[in-house]
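In what follows, every heavy atom counts, from backbone to side chain, and hydrogens, waters and symmetry copies are set aside. Both counts, for ligands and for their atoms, begin at 1 and track the order of listing. Owing to the predicted nature of the structure, the values given are computational and were not obtained by experimental measurement.
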Amino acid sequence: MKIRRPKGTNDFIGARGLLFEELSHLGASIFKTYGFTPAILPIFEHTDLFARGIGTETDIVSKEMYTFADRSDRSLTLRPEGTASTVRAYLENGLTREGVQKFHYCGPFFRYERPQKGRYRQFHQIGVEVIGDPSAAADVEVIDSFLTFVEKAGLTGLEVKINSVGCPVCRPGYSETLIGYLKNGDEVLCSDCLVRREKNPMRVFDCKNPKCNEFMVDAPRITDCLCDECSAHHEQVQQGLTKLGHSFVVDKGLVRGLDYYTRTAFEICCGKLGAQDAVGGGGRYDRLVEQLGGKATPATGYAIGLERLMMLVEESRKDTESSSPVLFIAVDSDTTRLEGLALARKLREGGVIVQMDHLTNKLGKQMKRASKAGVQYVVILGTSELESGTVGLKDYATGEQSELTIDELVKKFSKS
Ligand code: AMP
(Lines give C-alpha, C1' and ligand atoms only; values in the text may rest on other atoms or scores of the structure.)
Protein backbone atom coordinates (compact mmCIF):
# COMPACT_ATOMS: atom_id res chain seq x y z
CA MET A 1 0.00 0.00 0.00
CA LYS A 2 1.25 3.47 -0.90
CA ILE A 3 1.79 5.78 2.04
CA ARG A 4 0.09 9.10 1.45
CA ARG A 5 0.10 12.29 3.46
CA PRO A 6 -2.54 12.41 6.18
CA LYS A 7 -5.96 13.81 5.25
CA GLY A 8 -6.16 17.59 5.60
CA THR A 9 -2.42 18.23 5.21
CA ASN A 10 -0.47 19.80 2.33
CA ASP A 11 2.95 19.46 0.72
CA PHE A 12 4.34 22.84 -0.28
CA ILE A 13 7.05 22.13 -2.79
CA GLY A 14 8.49 23.95 -5.81
CA ALA A 15 6.76 27.26 -6.56
CA ARG A 16 4.37 26.83 -3.61
CA GLY A 17 7.28 26.24 -1.24
CA LEU A 18 8.89 29.43 -2.54
CA LEU A 19 5.68 31.40 -2.08
CA PHE A 20 5.24 30.09 1.46
CA GLU A 21 8.76 31.24 2.29
CA GLU A 22 8.33 34.60 0.54
CA LEU A 23 5.13 35.41 2.44
CA SER A 24 6.48 34.42 5.83
CA HIS A 25 9.57 36.58 5.22
CA LEU A 26 7.45 39.48 3.98
CA GLY A 27 5.31 39.26 7.13
CA ALA A 28 8.36 39.21 9.40
CA SER A 29 9.90 42.23 7.66
CA ILE A 30 6.69 44.27 7.92
CA PHE A 31 5.98 43.31 11.52
CA LYS A 32 9.51 44.39 12.44
CA THR A 33 8.63 47.94 11.33
CA TYR A 34 5.73 47.89 13.82
CA GLY A 35 8.07 46.87 16.66
CA PHE A 36 6.95 43.23 16.88
CA THR A 37 9.62 40.65 17.71
CA PRO A 38 9.39 36.95 16.82
CA ALA A 39 7.94 34.46 19.30
CA ILE A 40 9.05 30.97 18.37
CA LEU A 41 7.09 28.66 20.63
CA PRO A 42 6.54 24.92 21.08
CA ILE A 43 4.31 23.11 18.61
CA PHE A 44 2.80 21.10 21.48
CA GLU A 45 1.75 22.32 24.90
CA HIS A 46 0.05 20.90 27.98
CA THR A 47 -3.58 20.23 27.08
CA ASP A 48 -4.68 22.25 30.08
CA LEU A 49 -3.35 25.46 28.49
CA PHE A 50 -5.91 25.28 25.70
CA ALA A 51 -8.71 23.93 27.88
CA ARG A 52 -8.29 26.88 30.26
CA GLY A 53 -7.33 29.47 27.68
CA ILE A 54 -9.72 28.78 24.84
CA GLY A 55 -12.62 27.31 26.82
CA THR A 56 -13.88 23.75 27.04
CA GLU A 57 -17.19 24.65 25.33
CA THR A 58 -15.55 25.81 22.10
CA ASP A 59 -15.50 23.56 19.03
CA ILE A 60 -11.72 23.77 19.04
CA VAL A 61 -11.33 22.27 22.51
CA SER A 62 -14.34 19.97 22.54
CA LYS A 63 -13.97 18.47 19.05
CA GLU A 64 -10.88 19.51 17.18
CA MET A 65 -7.75 19.08 19.25
CA TYR A 66 -4.98 16.60 18.51
CA THR A 67 -4.43 15.43 22.06
CA PHE A 68 -2.19 12.54 23.05
CA ALA A 69 -0.51 11.08 26.09
CA ASP A 70 3.30 11.09 25.91
CA ARG A 71 5.41 8.21 27.18
CA SER A 72 5.14 9.54 30.72
CA ASP A 73 1.39 9.78 30.38
CA ARG A 74 1.25 13.58 30.27
CA SER A 75 -1.64 14.95 28.26
CA LEU A 76 -0.20 17.08 25.46
CA THR A 77 -1.90 18.82 22.55
CA LEU A 78 -0.65 19.97 19.15
CA ARG A 79 -1.35 23.71 19.29
CA PRO A 80 -4.66 24.64 17.64
CA GLU A 81 -3.95 28.41 17.78
CA GLY A 82 -1.19 30.77 18.88
CA THR A 83 -2.62 33.20 21.39
CA ALA A 84 -2.82 30.95 24.45
CA SER A 85 0.79 29.80 23.91
CA THR A 86 2.00 33.40 23.50
CA VAL A 87 0.37 34.42 26.76
CA ARG A 88 1.78 31.33 28.47
CA ALA A 89 5.26 32.34 27.24
CA TYR A 90 4.70 35.96 28.34
CA LEU A 91 3.89 34.78 31.87
CA GLU A 92 6.49 32.04 32.04
CA ASN A 93 9.33 34.30 30.88
CA GLY A 94 8.50 36.96 33.50
CA LEU A 95 7.61 39.72 31.03
CA THR A 96 4.72 41.08 33.08
CA ARG A 97 6.77 44.01 34.40
CA GLU A 98 8.50 44.80 31.14
CA GLY A 99 5.78 47.06 29.75
CA VAL A 100 3.88 46.46 26.53
CA GLN A 101 5.07 43.31 24.70
CA LYS A 102 4.62 42.89 20.96
CA PHE A 103 5.16 39.54 19.27
CA HIS A 104 4.70 38.03 15.85
CA TYR A 105 4.75 34.36 14.92
CA CYS A 106 4.46 32.06 11.94
CA GLY A 107 4.08 28.30 12.04
CA PRO A 108 1.88 25.21 11.85
CA PHE A 109 -1.34 24.72 13.80
CA PHE A 110 -3.58 21.66 14.07
CA ARG A 111 -7.33 21.21 14.21
CA TYR A 112 -9.28 18.05 13.51
CA GLU A 113 -11.76 19.68 11.13
CA ARG A 114 -13.57 18.40 8.06
CA PRO A 115 -11.04 19.18 5.31
CA GLN A 116 -12.25 21.31 2.40
CA LYS A 117 -10.86 24.14 0.26
CA GLY A 118 -9.25 26.61 2.66
CA ARG A 119 -9.74 24.37 5.70
CA TYR A 120 -7.12 21.84 6.67
CA ARG A 121 -6.08 19.75 9.65
CA GLN A 122 -2.56 21.13 9.59
CA PHE A 123 -2.53 24.76 8.51
CA HIS A 124 -0.22 27.70 9.06
CA GLN A 125 -0.87 31.02 10.67
CA ILE A 126 1.00 34.27 10.70
CA GLY A 127 -0.09 36.30 13.68
CA VAL A 128 0.72 39.13 16.04
CA GLU A 129 -0.09 39.75 19.70
CA VAL A 130 0.22 42.97 21.73
CA ILE A 131 0.09 42.34 25.48
CA GLY A 132 -0.35 45.12 28.04
CA ASP A 133 -2.02 47.84 25.96
CA PRO A 134 -5.71 48.58 26.60
CA SER A 135 -6.04 51.36 23.99
CA ALA A 136 -8.20 51.48 20.91
CA ALA A 137 -5.06 52.78 19.17
CA ALA A 138 -3.44 49.37 19.74
CA ASP A 139 -6.40 47.67 18.03
CA VAL A 140 -6.12 50.11 15.14
CA GLU A 141 -2.38 49.54 14.84
CA VAL A 142 -2.71 45.74 14.72
CA ILE A 143 -5.44 45.93 12.08
CA ASP A 144 -3.24 48.36 10.13
CA SER A 145 -0.31 45.89 10.28
CA PHE A 146 -2.59 43.13 8.95
CA LEU A 147 -3.71 45.26 6.02
CA THR A 148 -0.21 46.53 5.24
CA PHE A 149 1.03 42.96 5.09
CA VAL A 150 -1.69 41.49 2.91
CA GLU A 151 -1.77 44.53 0.60
CA LYS A 152 2.04 44.33 0.17
CA ALA A 153 1.52 40.65 -0.64
CA GLY A 154 -0.68 41.83 -3.52
CA LEU A 155 -4.24 41.33 -2.23
CA THR A 156 -7.02 43.66 -3.29
CA GLY A 157 -10.78 43.60 -2.79
CA LEU A 158 -10.65 42.90 0.95
CA GLU A 159 -13.48 43.55 3.33
CA VAL A 160 -12.69 44.56 6.90
CA LYS A 161 -15.49 43.63 9.31
CA ILE A 162 -15.40 44.89 12.88
CA ASN A 163 -17.61 44.55 15.91
CA SER A 164 -17.46 44.86 19.66
CA VAL A 165 -18.26 41.84 21.81
CA GLY A 166 -18.48 43.88 25.02
CA CYS A 167 -16.81 43.23 28.34
CA PRO A 168 -17.64 41.64 31.73
CA VAL A 169 -19.62 44.80 32.58
CA CYS A 170 -22.06 44.78 29.68
CA ARG A 171 -21.98 41.20 28.44
CA PRO A 172 -23.92 39.51 31.30
CA GLY A 173 -26.95 41.80 30.79
CA TYR A 174 -26.80 41.21 27.05
CA SER A 175 -26.45 37.44 27.55
CA GLU A 176 -29.70 37.45 29.52
CA THR A 177 -31.47 39.27 26.68
CA LEU A 178 -29.99 36.89 24.13
CA ILE A 179 -30.91 33.78 26.13
CA GLY A 180 -34.48 35.15 26.25
CA TYR A 181 -34.46 35.27 22.45
CA LEU A 182 -32.83 31.84 22.10
CA LYS A 183 -35.53 30.27 24.26
CA ASN A 184 -37.78 30.53 21.19
CA GLY A 185 -35.35 28.39 19.21
CA ASP A 186 -36.12 24.94 20.62
CA GLU A 187 -37.44 23.70 17.29
CA VAL A 188 -34.83 25.34 15.08
CA LEU A 189 -31.45 25.37 16.79
CA CYS A 190 -29.02 22.50 16.23
CA SER A 191 -28.03 20.31 19.18
CA ASP A 192 -24.69 22.15 19.56
CA CYS A 193 -26.48 25.49 19.75
CA LEU A 194 -28.88 24.19 22.39
CA VAL A 195 -25.80 23.52 24.54
CA ARG A 196 -24.24 26.89 23.59
CA ARG A 197 -27.48 28.61 24.60
CA GLU A 198 -26.85 27.47 28.17
CA LYS A 199 -23.09 27.80 28.34
CA ASN A 200 -22.00 30.58 25.96
CA PRO A 201 -25.00 32.00 24.09
CA MET A 202 -23.04 34.45 21.90
CA ARG A 203 -21.39 31.55 20.15
CA VAL A 204 -24.69 30.64 18.51
CA PHE A 205 -23.83 33.49 16.07
CA ASP A 206 -20.77 31.49 15.06
CA CYS A 207 -22.65 28.29 14.15
CA LYS A 208 -22.14 27.05 10.59
CA ASN A 209 -25.65 25.52 10.38
CA PRO A 210 -27.81 27.59 7.94
CA LYS A 211 -30.99 27.08 10.03
CA CYS A 212 -29.28 28.52 13.10
CA ASN A 213 -27.95 31.42 10.99
CA GLU A 214 -31.43 32.22 9.73
CA PHE A 215 -32.84 32.13 13.25
CA MET A 216 -30.13 34.55 14.41
CA VAL A 217 -30.90 37.23 11.82
CA ASP A 218 -33.36 38.92 14.19
CA ALA A 219 -31.45 38.19 17.42
CA PRO A 220 -30.58 41.15 19.69
CA ARG A 221 -27.04 42.43 19.06
CA ILE A 222 -24.39 43.15 21.68
CA THR A 223 -23.41 46.34 19.85
CA ASP A 224 -26.79 47.76 20.90
CA CYS A 225 -26.17 46.92 24.59
CA LEU A 226 -22.57 48.09 25.12
CA CYS A 227 -21.55 49.91 28.32
CA ASP A 228 -20.24 53.49 27.89
CA GLU A 229 -16.60 52.43 27.94
CA CYS A 230 -17.01 49.66 25.37
CA SER A 231 -19.05 52.02 23.24
CA ALA A 232 -16.34 54.72 23.36
CA HIS A 233 -13.66 52.12 22.56
CA HIS A 234 -15.64 50.83 19.58
CA GLU A 235 -16.09 54.40 18.33
CA GLN A 236 -12.36 55.15 18.69
CA VAL A 237 -11.39 52.04 16.73
CA GLN A 238 -13.62 53.20 13.89
CA GLN A 239 -12.19 56.73 14.00
CA GLY A 240 -8.64 55.35 13.91
CA LEU A 241 -9.31 53.10 10.92
CA THR A 242 -10.94 56.00 9.09
CA LYS A 243 -7.95 58.23 9.85
CA LEU A 244 -5.61 55.62 8.32
CA GLY A 245 -7.79 55.42 5.23
CA HIS A 246 -9.00 51.85 5.83
CA SER A 247 -12.59 51.21 4.87
CA PHE A 248 -14.55 48.78 7.02
CA VAL A 249 -18.05 47.66 7.87
CA VAL A 250 -19.53 47.13 11.32
CA ASP A 251 -20.87 43.57 11.34
CA LYS A 252 -23.04 43.30 14.42
CA GLY A 253 -23.25 39.50 14.15
CA LEU A 254 -19.49 39.04 14.19
CA VAL A 255 -18.41 37.12 17.27
CA ARG A 256 -15.14 35.25 17.33
CA GLY A 257 -15.13 31.53 18.05
CA LEU A 258 -13.03 31.74 21.19
CA ASP A 259 -14.18 32.64 24.68
CA TYR A 260 -11.46 35.06 25.65
CA TYR A 261 -12.39 37.93 23.32
CA THR A 262 -13.53 41.29 24.73
CA ARG A 263 -14.45 44.51 22.93
CA THR A 264 -12.95 44.68 19.43
CA ALA A 265 -13.46 41.64 17.20
CA PHE A 266 -12.55 41.76 13.53
CA GLU A 267 -12.26 39.64 10.45
CA ILE A 268 -10.72 40.43 7.08
CA CYS A 269 -12.42 38.62 4.23
CA CYS A 270 -12.07 38.16 0.52
CA GLY A 271 -15.03 36.96 -1.56
CA LYS A 272 -12.66 35.15 -3.96
CA LEU A 273 -12.04 32.53 -1.24
CA GLY A 274 -15.60 31.16 -1.45
CA ALA A 275 -17.22 29.61 1.63
CA GLN A 276 -14.14 29.95 3.84
CA ASP A 277 -13.77 33.64 3.07
CA ALA A 278 -11.83 34.94 6.09
CA VAL A 279 -8.15 35.56 5.35
CA GLY A 280 -7.71 36.15 9.04
CA GLY A 281 -9.21 37.60 12.14
CA GLY A 282 -8.63 38.55 15.70
CA GLY A 283 -9.47 41.07 18.33
CA ARG A 284 -9.02 42.13 21.89
CA TYR A 285 -8.68 39.53 24.65
CA ASP A 286 -8.42 41.44 27.91
CA ARG A 287 -9.30 38.42 30.04
CA LEU A 288 -6.92 35.75 28.83
CA VAL A 289 -3.80 36.66 30.81
CA GLU A 290 -5.82 36.50 34.02
CA GLN A 291 -7.51 33.28 32.92
CA LEU A 292 -4.05 31.74 32.55
CA GLY A 293 -2.93 32.76 36.03
CA GLY A 294 -1.48 36.26 35.52
CA LYS A 295 -2.73 39.67 36.66
CA ALA A 296 -5.54 41.20 34.60
CA THR A 297 -3.71 42.47 31.51
CA PRO A 298 -5.28 43.80 28.31
CA ALA A 299 -4.19 42.35 24.97
CA THR A 300 -5.03 42.38 21.29
CA GLY A 301 -3.94 40.48 18.18
CA TYR A 302 -4.88 38.38 15.16
CA ALA A 303 -3.95 35.40 13.02
CA ILE A 304 -3.85 35.15 9.24
CA GLY A 305 -4.26 31.80 7.50
CA LEU A 306 -1.20 31.33 5.30
CA GLU A 307 -2.85 28.75 2.99
CA ARG A 308 -5.72 31.13 2.26
CA LEU A 309 -3.32 34.01 1.74
CA MET A 310 -1.29 31.85 -0.68
CA MET A 311 -4.42 30.95 -2.64
CA LEU A 312 -5.26 34.63 -3.11
CA VAL A 313 -1.70 35.66 -3.98
CA GLU A 314 -1.43 32.86 -6.55
CA GLU A 315 -4.70 33.99 -8.08
CA SER A 316 -3.60 37.63 -8.28
CA ARG A 317 -0.22 36.73 -9.80
CA LYS A 318 -1.53 34.32 -12.39
CA ASP A 319 -0.85 36.64 -15.31
CA THR A 320 2.17 38.48 -14.02
CA GLU A 321 5.80 37.53 -14.48
CA SER A 322 7.81 36.25 -11.54
CA SER A 323 9.71 39.14 -9.98
CA SER A 324 13.16 37.52 -9.76
CA PRO A 325 14.67 36.61 -13.11
CA VAL A 326 16.02 33.09 -13.24
CA LEU A 327 19.23 32.52 -15.19
CA PHE A 328 20.24 29.17 -16.64
CA ILE A 329 23.91 28.62 -17.51
CA ALA A 330 24.38 26.16 -20.36
CA VAL A 331 27.84 24.62 -20.95
CA ASP A 332 29.32 22.17 -23.47
CA SER A 333 32.19 20.38 -21.68
CA ASP A 334 33.51 19.45 -18.26
CA THR A 335 35.89 22.41 -18.46
CA THR A 336 33.21 24.97 -19.25
CA ARG A 337 31.02 23.36 -16.55
CA LEU A 338 33.61 24.35 -13.94
CA GLU A 339 33.75 27.87 -15.40
CA GLY A 340 29.94 27.86 -15.29
CA LEU A 341 29.92 26.87 -11.62
CA ALA A 342 32.34 29.72 -10.84
CA LEU A 343 30.15 32.17 -12.76
CA ALA A 344 27.02 30.89 -10.99
CA ARG A 345 28.70 31.50 -7.65
CA LYS A 346 29.49 35.11 -8.62
CA LEU A 347 25.92 35.74 -9.76
CA ARG A 348 24.38 34.11 -6.67
CA GLU A 349 26.50 36.39 -4.47
CA GLY A 350 24.58 39.22 -6.13
CA GLY A 351 21.26 37.56 -5.24
CA VAL A 352 20.54 36.11 -8.69
CA ILE A 353 18.75 32.75 -8.96
CA VAL A 354 20.93 30.51 -11.15
CA GLN A 355 20.31 26.99 -12.38
CA MET A 356 22.51 24.51 -14.28
CA ASP A 357 22.05 21.00 -15.62
CA HIS A 358 24.93 18.71 -14.68
CA LEU A 359 23.57 15.63 -16.47
CA THR A 360 24.60 16.48 -20.04
CA ASN A 361 27.11 18.53 -22.03
CA LYS A 362 24.71 18.91 -24.97
CA LEU A 363 23.72 22.57 -25.26
CA GLY A 364 20.43 21.77 -27.04
CA LYS A 365 19.28 19.41 -24.29
CA GLN A 366 20.10 21.95 -21.61
CA MET A 367 18.26 24.73 -23.45
CA LYS A 368 15.19 22.49 -23.73
CA ARG A 369 15.24 21.84 -20.02
CA ALA A 370 15.69 25.55 -19.28
CA SER A 371 12.71 26.44 -21.42
CA LYS A 372 10.58 23.73 -19.77
CA ALA A 373 11.53 25.01 -16.32
CA GLY A 374 10.31 28.48 -17.34
CA VAL A 375 13.60 30.31 -16.88
CA GLN A 376 13.80 33.79 -18.34
CA TYR A 377 17.40 33.88 -19.55
CA VAL A 378 19.93 31.36 -20.76
CA VAL A 379 23.62 32.19 -20.55
CA ILE A 380 25.68 30.17 -23.03
CA LEU A 381 29.19 29.48 -21.82
CA GLY A 382 30.59 27.05 -24.41
CA THR A 383 34.16 26.34 -25.47
CA SER A 384 34.21 29.12 -28.08
CA GLU A 385 32.77 31.66 -25.62
CA LEU A 386 35.41 30.67 -23.08
CA GLU A 387 38.12 31.25 -25.67
CA SER A 388 36.81 34.71 -26.56
CA GLY A 389 36.17 35.69 -22.92
CA THR A 390 32.46 36.32 -23.51
CA VAL A 391 29.12 34.64 -22.94
CA GLY A 392 25.95 34.49 -25.04
CA LEU A 393 22.71 35.70 -23.43
CA LYS A 394 19.31 34.67 -24.71
CA ASP A 395 16.19 36.37 -23.36
CA TYR A 396 13.36 33.82 -23.65
CA ALA A 397 10.66 36.46 -23.27
CA THR A 398 11.77 38.60 -26.24
CA GLY A 399 13.85 36.05 -28.17
CA GLU A 400 16.73 38.58 -28.25
CA GLN A 401 20.29 37.29 -28.24
CA SER A 402 23.42 39.25 -27.29
CA GLU A 403 27.07 38.74 -26.48
CA LEU A 404 28.71 40.27 -23.41
CA THR A 405 31.68 39.88 -21.11
CA ILE A 406 31.33 38.10 -17.78
CA ASP A 407 31.74 41.40 -15.91
CA GLU A 408 28.97 42.98 -17.97
CA LEU A 409 26.71 39.98 -17.28
CA VAL A 410 27.31 40.06 -13.53
CA LYS A 411 26.68 43.82 -13.48
CA LYS A 412 23.46 43.46 -15.48
CA PHE A 413 21.84 40.96 -13.15
CA SER A 414 23.28 41.53 -9.69
CA LYS A 415 20.95 43.31 -7.28
CA SER A 416 22.73 46.45 -6.04
P1 AMP B 1 -8.91 31.49 13.96
O2 AMP B 1 -7.66 31.10 14.70
O3 AMP B 1 -9.95 30.41 13.95
O4 AMP B 1 -9.42 32.84 14.34
O5 AMP B 1 -8.49 31.61 12.42
C6 AMP B 1 -7.72 32.66 11.91
C7 AMP B 1 -7.43 32.35 10.46
O8 AMP B 1 -6.66 31.15 10.36
C9 AMP B 1 -8.67 32.08 9.62
O10 AMP B 1 -9.22 33.27 9.13
C11 AMP B 1 -8.10 31.23 8.51
O12 AMP B 1 -7.50 32.03 7.52
C13 AMP B 1 -7.04 30.43 9.22
N14 AMP B 1 -7.56 29.11 9.61
C15 AMP B 1 -8.21 28.75 10.74
N16 AMP B 1 -8.50 27.44 10.74
C17 AMP B 1 -8.03 26.95 9.60
C18 AMP B 1 -8.00 25.64 8.98
N19 AMP B 1 -8.52 24.58 9.60
N20 AMP B 1 -7.42 25.52 7.77
C21 AMP B 1 -6.87 26.57 7.13
N22 AMP B 1 -6.85 27.81 7.65
C23 AMP B 1 -7.42 28.01 8.86
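Of the heavy atoms in Gln125, only side-chain atoms (C-beta onward) come closer than 4.0 Å to ligand 1. The proximity of Leu309 to ligand 1, defined as any non-hydrogen pair under 4.0 Å, does not occur for either the backbone or the side chain. If you look at Tyr120 next to ligand 1, the close heavy atoms, those under 4.0 Å, come from the backbone and the side chain alike.
Residue Arg111 has at least one N or O atom closer than 3.5 Å to an N or O atom of ligand 1. Considering backbone and side-chain N/O of Ala278, one or more are found under 3.5 Å from N/O of ligand 1. Where the criterion is an N or O separation shorter than 3.5 Å, residue side chain and backbone included, Ala303 fails it with respect to ligand 1. Not a single N or O atom of Ile304, backbone or side chain, sits closer than 3.5 Å to an N or O atom of ligand 1.
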request  = Decide side chain to side chain donor-acceptor pair (under 3.5 Å) for Ser85 and Tyr105; before the verdict, give the C-alpha distance in whole Å, the side-chain angles of both, and the deciding distance to 0.1 Å.
outcome  = CA-CA 11 Å; Ser85 309; Tyr105 60 82; over 6 Å; no
key: Derivation of the side chain to side chain contact (heavy atoms under 4.5 Å, CB included) call for Phe36 and Val130   = CA-CA 8 Å; Phe36 295 108; Val130 177; 3.6 Å; yes
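For ligand 1, the atoms closer than 4.0 angstrom to any heavy atom of Glu113 are 16 (N), 18 (C), 19 (N). Remark: ligand 1 atoms within the under-4.0 Å shell around heavy atoms of Gly280 are 10 (O). Numbered from 1 in the order shown, with element, the atoms of ligand 1 that lie under 4.0 Å from a heavy atom of Arg119 read 18 (C), 19 (N), 20 (N), 21 (C). The distance from ligand 1 to the heavy atoms of Val279 drops below 4.0 Å at these ligand atoms: 10 (O), 12 (O).
Judged as a ring-ring contact (aromatic ring centres under 6.0 Å, His included), the pairs with a partner in residues 190-249 (not counting sequence neighbours) are, in order, Tyr181-Phe215. Within the structure, the ring-ring contact (aromatic ring centres under 6.0 Å, His included) test picks out the following pairs touching residues 37-72 (sequence neighbours left out): Tyr66-Tyr112.
The pair Arg308-Glu267 does not count as a salt bridge, with every side-chain nitrogen at least 4.0 angstrom from each carboxylate oxygen. Under a 4.0 Å N-O distance rule, the pair Arg88/Glu45 qualifies as a salt bridge.
When the shell of 6.0 Å around CD of Glu229 is examined, it contains 12 or fewer heavy atoms from other residues, nucleotides or ligands. In the displayed structure, Glu214 atom CD is contacted under 6.0 Å by at most 12 heavy atoms of other residues, nucleotides or ligands.
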